Q: 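Mind having a look at this structure? Questions to follow.
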Amino acid sequence: SHCLATTLSLLVSSDSRLAIVNMSRRQSMDGARIDAFSPLQDKILPDIYDEVYKILCPNDENRITGNMFVMATKNSTLQRQVLSEIWDEVHTSKNGSIDRTQLNTAMAYVALAQAGEAPTEKRLAMWPEAPTPKLGDLSHIAVLGKSARMLLMDYTYRELEDDEFVTVDMEGKKGMMRKHVNYTVQSRRQNVTVTRRYSDFELLDQILRKRFPYRVIPSLPAKGQWASPTPAFIEARRQHLARWLTVVMRHPVLRDEEVVRTFFHAAKDVKSEMNALQKVLKTELQTCPIADDVLNHVPQDVIGHIDGLRKEVPELLKGFRAMTSLTEAAVERAQVETEAWKEYTSKLTDLSNIQTGYLAGESNWAKTQDSLKEIAFKISRVTEKAAQQVTRETGAVQRIRIWTEMLDAFNTLADKRMKTVEADLARIKAKIARGCEAKAKAVEGSKLEAKLDAKMERRNTKQLDLEREYEFSIYCLFMESKLLRSNFAQVGVIFEELGSAQSIAKRELGEAWAKLESTSQELTQALDITTPFRMGE
């Protein structure tokens, strides 16, 4: 119906131009592909349409997110509400992104709005050629190049999840005296399986924190203070390492870092190779291509946004921690129940092997033995289904923990790191102020004045460096908040997995118990008769 309406609107346009609707896609004058039913079909596109697409999609991804659209129209002078309406008009898929054809339509609508006309398909149809939008200088986007999505943290949760899957499994204890645990680590993105120790994870964590002081990196699990840690401690640490590595390997900035590649691909001694990298380590601020222009890539109210997060995240963290504890408790109860039914099956098997005939009669006991063995087998099937449920719910618990640990890391970053930078900046400003006061009292041309001038110059340089670091930390925090927003979809996935686990379990357990019920009824009917009280009966 939409296609028909578009065609009709073209047929009755003011210049009575007939629209030739081609079902296949064709090339426009500038090389951009135009859908058959695009409002821009049969119109010549100005060069800027192609230029903007190439800036926003340097890898020809044919995917423009809402964030990229906002950046592209930042200097259009249009009000935010107008741009929002234009986005809603072309964002028909409602999946967070538009394609090249929709981008072209959006730019045409921007041009219409700039010309004082309504940004609608009907008004666009009246233009013989596509109007030219005035978007101003786009160099702040062009400089991002092929790293645009990473630098702007422009991802959906499914993209991050589908791009990487890691596992950390225990290989066994090694060593003669003080045994240590080896882990088998697998990465789909790195396409490799390696053996690593806890100390290797520890070194990787240490280097990443030095290199990226303003990024979300969860805490590693405790190392353990005793020579023979319990199996429960070792398993909990394995799960924690898997969660930590999952966050790192799904972080767009961290996952392809050289030290990460070394962790997975070191030729010989992984520690030696990582330590060699640490000796020449530079911080992200020193290597980021937009370090001197970061404020152009965050909203004007970014400080208010971060302050709001600093107030909200602790409350959210508290709530999700409570949810984690309750979910873990439910899984533990299910695990205890599963183990109890395993024990029940074992005792039932033992009971069926007892030789007796005086109480029930030999024939009745023979029937009972067969039935008890069958019941034990069917309960074992119930136990298997219950164990599968525990496994599914444990997966959901790990997902909740990943999300909670990310929140915790962000909370620590936003609170402690920001306070540290702000305090350093305040101290240097105070020193500069005191220096100005001292200089005002110094005799002109004296050695003291020259000394104070040199000190002031050093402090001014230090202030500029701190202000640059402060701005970069603000940029990083904002981008990490966008990463958290992408990962917020995990909340839905968590409940989806928990609901699915319960639904499957109820169905499978119900079917298993139903089979057990029929066997029990048959046994009852066989035994519930009057028999002579004699051996052999």
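FYI, side chains are in, hydrogens and waters are out, and symmetry mates aren't considered; it's all heavy atoms of this structure. In this text, all values refer to a predicted model and were calculated from it rather than measured experimentally.
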Q: Would you say Lys94 has more than 12 foreign heavy atoms packed within less than 6.0 Å of its NZ?
A: yes
Q: If the condition is salt bridge (Lys or Arg N to Asp or Glu O under 4.0 Å), which residues does Lys373 pass it with, not counting sequence neighbours?
A: none
Q: To the nearest 0.5 Å, what is the distance between NZ (Lys482) and CE (Met153)?
A: 8.5 Å
Q: If you round to the nearest 0.5 Å, how far is CE of Met406 from OG1 of Thr246?
A: 11.0 Å
Q: So, does Gln102 use its side chain to make a donor-acceptor pair with the main chain of Val90 at under 3.5 Å?
A: yes
Q: Assess Arg238 against Tyr183: is NZ or CZ under 6.0 Å from the centre of the six-membered ring, and within 45 degrees of the ring's axis?
A: no
Q: Give a yes or no on this: more than 12 heavy atoms of other residues, nucleotides or ligands lie within 6.0 Å of atom CZ of Arg507.
A: yes
Q: Output every pair passing salt bridge (charged side-chain N to carboxylate O under 4.0 Å, His left out) with a member in residues 181-201, not counting sequence neighbours, ordered by first then second residue.
A: Asp163-Arg189, Arg189-Asp256, Asp200-Lys271
Q: Might you point out which heavy atoms bring Leu523 and Lys367 nearest each other, and give the distance in Å?
A: CD1-O, 4.2 Å
Q: Is a side-chain donor or acceptor of Glu273 paired with a backbone partner of Ala267 at a separation under 3.5 angstrom?
A: yes
Q: Just list the side-chain donor-acceptor pairs under 3.5 Å for residues 314-321, sequence neighbours left out, or say none.
A:
residue : atom : partner : partner atom : Å
Arg321  : NH2  : Asp408  : OD1          : 3.1

Q: Do His297 and Tyr475 have their ring centres less than 6.0 Å from each other?
A: no
Q: Is it true that, when you exclude Tyr157 itself, more than 12 heavy atoms of the residues, nucleotides or ligands shown sit nearer than 6.0 Å to its OH?
A: yes
Q: For the NE2 atom of His265 and the CG atom of Asn191, what is their distance to the nearest 0.5 Å?
A: 7.5 Å
Q: Looking at Gln502, I'd like to know if its CD atom is crowded, meaning that more than 12 non-hydrogen atoms belonging to other residues, nucleotides or ligands lie closer than 6.0 Å.
A: yes
Q: Could you grab the distance from atom CD of Glu202 to atom OG of Ser199, nearest 0.5 Å is fine?
A: 7.0 Å
Q: Is the closest basic N to carboxylate O distance between Arg261 and Glu257 below 4.0 Å?
A: no
